[in-house]
Number of protein chains: 2
Amino acid sequence: MPSRKSPAPRGTVTLALLAEQLGVHVSTVSRALSENPVGVSAETVTRVRQLAGEQGYRRNAAALSLRTGRTKMIGVMVPRLTDVVLATIYDGIDQTAIDAGYNTVVVNTRDRPDLQRSRLDLMLSRQVEGIIVGDSRTDSNLISELQGCGVPYVLVARRMPREISVSTDDLKGGRLAAEHLLSLGHRRIGIVAGDPHASTGAERTLGFRRAYAAAGYPPPDDYVIPSGFDVRSGREAGDHLLSLPRPPTAIFAASDFAAVGVMGAMRDRGLEAPRDVAVVGFNDLDVASELPTPLTSVHSPLFDMGALSMRVLLSLLRGRQVRSRLLQPTLYPRASTVGTSPGRTDADPPRRPEIGAKSARPAQVP
Amino acid sequence: MPSRKSPAPRGTVTLALLAEQLGVHVSTVSRALSENPVGVSAETVTRVRQLAGEQGYRRNAAALSLRTGRTKMIGVMVPRLTDVVLATIYDGIDQTAIDAGYNTVVVNTRDRPDLQRSRLDLMLSRQVEGIIVGDSRTDSNLISELQGCGVPYVLVARRMPREISVSTDDLKGGRLAAEHLLSLGHRRIGIVAGDPHASTGAERTLGFRRAYAAAGYPPPDDYVIPSGFDVRSGREAGDHLLSLPRPPTAIFAASDFAAVGVMGAMRDRGLEAPRDVAVVGFNDLDVASELPTPLTSVHSPLFDMGALSMRVLLSLLRGRQVRSRLLQPTLYPRASTVGTSPGRTDADPPRRPEIGAKSARPAQVP
DNA sequence: CTGAAAGCGCTTACAG
DNA sequence: CTGAAAGCGCTTACAG
């Protein structure tokens, strides 16, 4: 075996380069390196792979894609990855994609229609085979653009009429929160509503309001504050609600981080949860149960939601018939509403007490 | 103008297809569609672009890359995007990349050397022009693989000897936390150390220990608990520290979320910060200042760190000489150590009191 | 200003 | 089992 110059000589290692060194045709090298080498002698396969390994050969994905018309790439659109909710959903998507032999490429669109458009263009240029849409909004025409481009897609987290989606039953989640606060006797409640153009924010709020209205206590509009889903937005909305002439006795926030912001606003006014104001969050992130005042929250299965959306998309790519999925939310009552005194460790076993559906899993996509 | 069938007829719109419809050569179409059309009549440019718009033409990125040898893609490796610290750094990277005409593709490696390897391979197959490495570890040979592959790279957040990196001065950050707790009279402290194979965890811990040793109170090894950077790890390490025969009077956690976990462990034992145990976190995330008990934390400029790492990589790609950067940490004292009583809104104006450097920004890469 | 050709790196019928 | 050729969609010297 003659000693080679260096693992990666100068420039890239190509099939042609390997073929030349081995004295065989480039097509033979291609066959030997294919997943399942057929029509090549075992000996050739060994020789080729040996050299390819030594030289650090890596198949050029662009050439492969150009030739075969396939990329094995899935595009994922999210508003922002710095929101751990979306990051967790994406994690489920990515892991499921990898297990199925696909790779994902994710873009942040910051909930801005202009960025949705340009980032979608980018993904289409890169020939993604499918798209998972985590940033659909009622005030954007993203969906109609998607319809025109001929690439299969599935919505996740946020849904839209007549579109295939995988999401939490947010209407029900809002209702669970309302029923919990109603049962504790709260009549004047405030809502940190999240983004009204996202179905998550809109439906959590709607489910909550409907339940309160049905009980005879329809929340007035000025107790419903549109917001983002982050700490800062929650803080601002909380400041607003607590400054009302007759502040609410309980606040429902459409996200856990918004709820933390509400608690910050309370703290700075010398208010305590639940003594002065009860607080309910949404999503039940890890942080909720470990807060100094543990947060009552509506759990939604984020990782599973991402994973399922990917499985639905894979079915779609295989030409199967698919339908939308609604995952079940579960409310976990904690000290921010039911007022466990600090130190009573038995009163709040994390992740135990459930209200609502027995976290029934939807039937898997076949 | 004859009426067209549909915007995206069947299959993809290519240059050849446009050329045929216009009765010109494909190379003419290519020129007309190029960024800066040169050597084409203005009229042709208009005609071509008009039709391209109508037909929804999108340049095939694979073909472009194969032809030009350029991809304008930057790879980003992180342990996990569900850690908001990394997500924020990535956000800085991505925005800076876009502004410079590049796109990023990010991979999660979960701090597993095997995944580092396979995901790196993937990126190299996709012909990334540079890589930003957020997951370097002392127990992985990722760096030596990177050295052999001929693609420029820059480390971010975690650093390694003799490698170009952009990170926070974690040694100093640890020292700031130690000086703060020393000044409050704490002598027996516990450390939730983070991952010892990541320079962030190792150096924050080392800086802290050195300062305590220098003051005459070297922390014993069994008060230093290796951990992850998440809530759960912090919770477990906190449980451990608080169960010691002589529990610490203060705990330094290498991340804010780990600190929240520590506070959860305290709460379940009926302990309060800072009355029973003082707590210091690291990174100063948004959530830190809004917690029911606001968390004293060492701020590090995460978004800027990501952005700067991208600028350094861009310099490297332009063949310039670059050097490592160390960003300055700043300690923000809050109620978890200095015991502001709830309701005193003037005692903790978020983001105001500083200890340490005046957040001096490093000189920008030219 | 426009056309014709070559070629990026790869896979895949088609011969032999 | 191996070779030779075609072609994926694009850009870019090279002619005219």
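Below, read A as the first sequence line, B as the second, and so on, with proteins coming before strands; counting in each chain starts at 1.
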How many Å lie between [atom1] on [X] and [atom2] on [N], as a whole number?
X       : N       : atom1 : atom2 : value
H25(A)  : dT12(C) : NE2   : C1'   : 12 Å
L64(B)  : dC8(D)  : CG    : C1'   : 14 Å
R58(A)  : dC10(C) : CZ    : C1'   : 17 Å
Q127(B) : dG9(C)  : CD    : P     : 9 Å
L33(B)  : dT2(C)  : CG    : P     : 14 Å
E20(A)  : dG9(C)  : CD    : P     : 13 Å
Y57(B)  : dC10(D) : OH    : C1'   : 7 Å
L18(B)  : dG9(D)  : CG    : P     : 12 Å

Hey, does [X] reach any base, or is it just sugar-phosphate, or nothing, if we go heavy atoms under 4.0 Å?
X      : answer
G39(A) : base
T14(A) : sugar-phosphate
R31(B) : base

Are any non-hydrogen side-chain atoms of L18(B) and L33(B) less than 4.5 angstrom apart?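 L18(B) reaches L33(B) side chain to side chain.
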The side chain of N60(A) is closest to which nucleotide in this list: dC10(C), dC10(D), dG3(C)?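 Of the options given, the side chain of N60(A) lies nearest dC10(C).
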Which nucleotide wins on minimum distance to the side chain of S41(B), given the candidates dT2(C), dG9(D), dA4(D)?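 My answer, after comparing the listed nucleotides, is dT2(C).
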Now, which nucleotide makes the Watson-Crick or G-U wobble pair with dA13(C), with each of the two distances under 3.5 Å?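 Because no pair has both required distances under 3.5 Å, dA13(C) counts as unpaired.
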Provide the Watson-Crick or G-U wobble partner of dA4(D), both distances under 3.5 Å; none if there is no partner.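 Paired with no nucleotide.
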Can you see if the side chain of T44(A) gets near the phosphate of dT2(D) - specifically, an N or O under 4.0 Å from OP1 or OP2?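 True: T44(A) side-chain N/O within range (under 4.0 Å) of dT2(D) OP1/OP2.
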Please state whether the phosphate of dC1(D), meaning OP1 or OP2, lies under 4.0 angstrom from any side-chain nitrogen or oxygen of T28(A).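 Answer no for this pair, as no side-chain N or O of T28(A) is under 4.0 Å from OP1 or OP2.
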Starting at CD1 of I164(B), measure out to CZ of R325(B) and round the result to the nearest 0.5 Å.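 One gets 9.5 Å once the value is rounded to the nearest 0.5 Å.
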For A63(A) and for S27(A), find the nucleotide of DNA chain C with the closest heavy atom, then tell me which residue's nucleotide is more 5'.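 In this pair, the answer is A63(A).
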Does R80(B) come within less than 4.0 Å of D91(A), counting only side-chain N to carboxylate O?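 Salt bridge between R80(B) and D91(A), a charged N being under 4.0 Å from a carboxylate O: no.
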So, are D135(B) and R119(B) salt-bridged, with charged N and O less than 4.0 Å apart?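 Looking at R119(B) together with D135(B), the answer is no, because their closest N to O distance does not fall below 4.0 Å.
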Restricting to non-hydrogen atoms, name the atom on V78(B) and the atom on V106(B) that form the minimum distance, rounded to 0.1 Å.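 Looks like CG2-CG2, 4.1 Å.
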